[in-house]
Q: 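First the structure, then my questions, so here it is.
Atoms within a ligand are numbered from 1 in the order they appear, just like the ligands themselves.
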Amino acid sequence: MKVLKIDHLGIAVNSVNEGKKFWSDILGLNFTGSETVAEQKVTTAFFPVGEGEVELLESTAPDGPIAKYIDKKGTGIQHVAFRVENIEEALAELKGKGVKLIDQKPRIGAGGAKIAFLHPKATGGVLVELCER
Ligand code: ZN
């Protein structure tokens, strides 16, 4: 499998509007818009920087994965996403190596990217997302 770059950092926030105050107003990152992914009960907001992006994640429901994450661990970096050349190939290779996956096959994330998460138990505690765009 070929990992091309760090695609984005996923950061759990209570409010995208609050988050913007630091990431955009203070740090000066360009805000390029937000998108709600209903299936994940999350609103995402993107701030490209260099070859990567900061992705803020705000839960749209108290039982969404981001709300649960914040309940348990508080706000902050929630996942690291790596862009791969071919996500199906990458998942097959990881499965072959016995790596525990959250997503057995890719689903569609924000921006229409194909994404899949690896289980933090397999990565030393880091929620790793693979994405292909
Ligand atoms: Zn992500």
Side-chain angles (χ1 to χ4, degrees):
M1 87 188 223
K2 190 162 184 199
V3 178
L4 301 174
K5 63 172 192 167
I6 292 182
D7 190 84
H8 62 271
L9 295 175
I11 299 176
V13 295
N14 288 316
S15 148
V16 160
N17 277 332
E18 280 296 305
K20 261 194 243 170
K21 286 182 189 162
F22 174 74
W23 297 99
S24 190
D25 300 350
I26 294 175
L27 219 54
L29 304 188
N30 193 22
F31 169 59
T32 58
S34 63
E35 179 183 343
T36 296
V37 183
E39 185 225 339
Q40 281 298 299
K41 298 181 180 173
V42 72
T43 294
T44 60
F46 302 95
F47 304 83
V49 50
E51 295 220 323
E53 284 184 90
V54 166
E55 174 187 35
L56 300 186
L57 303 155
E58 174 187 335
S59 189
T60 58
D63 64 339
I66 292 302
K68 286 184 194 157
Y69 180 89
I70 291 174
D71 281 349
K72 236 165 100 181
K73 300 198 168 164
T75 55
I77 292 185
Q78 195 255 353
H79 67 267
V80 180
F82 293 92
R83 189 181 297 191
V84 294
E85 211 167 60
N86 182 320
I87 197 167
E88 283 88 0
E89 236 173 63
L91 289 173
E93 185 178 327
L94 292 168
K95 246 183 258 181
K97 289 177 175 168
V99 173
K100 194 173 178 188
L101 306 174
I102 291 176
D103 298 304
Q104 302 302 314
K105 51 183 184 187
R107 51 196 164 89
I108 301 302
K114 286 199 249 179
I115 65 166
F117 285 95
L118 316 187
H119 201 286
K121 277 187 181 147
T123 65
V126 180
L127 179 58
V128 171
E129 174 188 332
L130 301 181
C131 72
E132 180 191 331
R133 321 178 182 254

Q: N/O/S atom of E129 under 2.8 Å from the Zn ion (ligand 1), yes or no?
A: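 Under 2.8 Å: E129 contacts the Zn ion (ligand 1) through an N, O or S atom.
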Q: Consider only side-chain heavy atoms of I, L, V, M, F, W and Y, link residues closer than 4.5 Å, and tell whether V99 and V126 are in one cluster.
A: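 Yes; V126 is reachable from V99 via cluster members.
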Q: Which atom name would you report as the N, O or S atom of E55 nearest the Zn ion (ligand 1)?
A: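 That would be atom OE1.
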Q: Using atom types as modelled and distance alone, determine if a side-chain donor or acceptor of E132 lies under 3.5 Å from a backbone N or O of I87.
A: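 Present.
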Q: In Å and rounded to the nearest 0.5 Å, what is the CG to CG distance from N86 to L91?
A: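 Nearest 0.5 Å value for the CG-CG distance: 9.0 Å.
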Q: What distance do I6 atom CD1 and E129 atom CD have between them, rounded to the nearest 0.5 Å?
A: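 Spacing of CD1 (I6) from CD (E129) equals 12.5 Å.
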Q: Looking at H8, which of its N, O or S atoms is the nearest one to the Zn ion (ligand 1)?
A: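 The Zn ion (ligand 1) is closest to the H8 atom NE2, counting only N, O or S.
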